[in-house]
Structures are given as structure tokens and as C-alpha cells.
Novice: 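Okay, here's the structure, questions in a sec.
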Amino acid sequence: MENEKTYGVWAVRNGTSMFGYAEAWCKENGKTLEFDTKRAAQDFVKEISGYTTANVHYYVREKESEPDAVRKRAAPSENQKRKNKFQQKAGKKQKQNRECR
């Protein structure tokens, strides 16, 4: 467990914003967001960057894990998604075959 890395998203609002300069970890319901992979954090940054103004920028950073943080897991890869979908279809087909007997 000690070798596991934890990543967070660091938000920086520049001084030209009407709210002034600020920086902090991204949070959900007041709790810091943590990601188990750098890729998951980068995907989150891509997603939220489309909703913000030019005054706010997001950066992925390695961080220390916090006990009450909201932990986000990495999304399955495309290959894993296809494999899961295939297994679900195969399971349904087997179930149908059993019901027909």
C-alpha cells in the first residue's frame, strides 16, 4: 500500500479573475478528490476544463492520501469494456439456452 501513488487535481484561478487569485485541490461536497491513477486524474481534467473559463486552469499532481477524501477509480480501458460487454452477451445467451430446455 505504501508504494501506491495518489493523484489529485490542483485548480488555479489567476489574478485577472473578478474573484482574484486562488489555488486549491479540487473537491466534491467539501472533500478532496483523489485518483488512483494519473490517467484518471488527466481524464477528469479534460472533462472539467470544458466547463470553466480561461481564468481557471487545472493540473494533475501527486499528493498524500487523505482519510476522508473522495476516491475516484480509473475507468476501465476500451479493451476491458469490450471484454465485459462480450461476457455479458455470452451470459445472456447461455441463460436463454438454459430456459429453452
Novice: Tell me, please, which residues at least two apart from R71 pass salt bridge (Lys or Arg N to Asp or Glu O under 4.0 Å).
Specialist: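 R71 satisfies salt bridge (Lys or Arg N to Asp or Glu O under 4.0 Å) with E34 only.
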
Novice: Tell me the closest heavy-atom pair linking S65 and T6, and the distance in Å.
Specialist: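 Scanning both residues completely, I find the closest heavy atoms to be CB-OG1, 3.9 Å.
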
Novice: My understanding is that only residues two or more places apart in sequence, or in another chain, count here; which of them pass salt bridge (Lys or Arg N to Asp or Glu O under 4.0 Å) with E28?
Specialist: K72

Novice: Applying the 4.5 Å side-chain criterion to the ILVMFWY set and letting contacts propagate, would Y7 and I48 be lumped into a single cluster?
Specialist: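 The answer is yes; both residues are in one hydrophobic cluster.
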
Novice: Taking the side chain as every heavy atom from C-beta outward, state whether K63 and W10 have any pair of such atoms under 4.5 Å apart.
Specialist: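 No, their side chains stay 4.5 Å or more apart.
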
Novice: If a pair satisfies side chain to side chain donor-acceptor pair (under 3.5 Å) and one of its residues is in residues 47-59, list it, with sequence neighbours excluded.
Specialist: T16-N55

Novice: Between R39 and T37, is a side-chain contact (heavy atoms from CB on, under 4.5 Å) present by the stated rule, with each step listed?
Specialist: CA-CA 5 Å; R39 176 66 179 220; T37 65; 4.1 Å; yes

Novice: Decide whether F35 and V60 are clustered together by the hydrophobic rule: side chain heavy atoms of Ile, Leu, Val, Met, Phe, Trp, Tyr closer than 4.5 Å, transitively.
Specialist: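 The answer is yes; both residues are in one hydrophobic cluster.
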
Novice: Atom NZ in K27, atom CG in L33: separation rounded to 0.5 Å?
Specialist: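 Reported value, rounded in 0.5 Å steps: 10.0 Å.
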
Novice: Does E62 have more than 12 heavy atoms from other residues, nucleotides or ligands lying within 6.0 Å of its CD?
Specialist: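 Enclosed: over 12 neighbouring heavy atoms sit under 6.0 Å from CD of E62.
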
Novice: May I ask you to test the C26-V45 pair for a side-chain heavy-atom distance under 4.5 Å?
Specialist: no

Novice: Assigning hydrophobic clusters by single linkage (Ile, Leu, Val, Met, Phe, Trp, Tyr; side-chain heavy-atom cutoff under 4.5 Å), is V56 placed with V9?
Specialist: yes

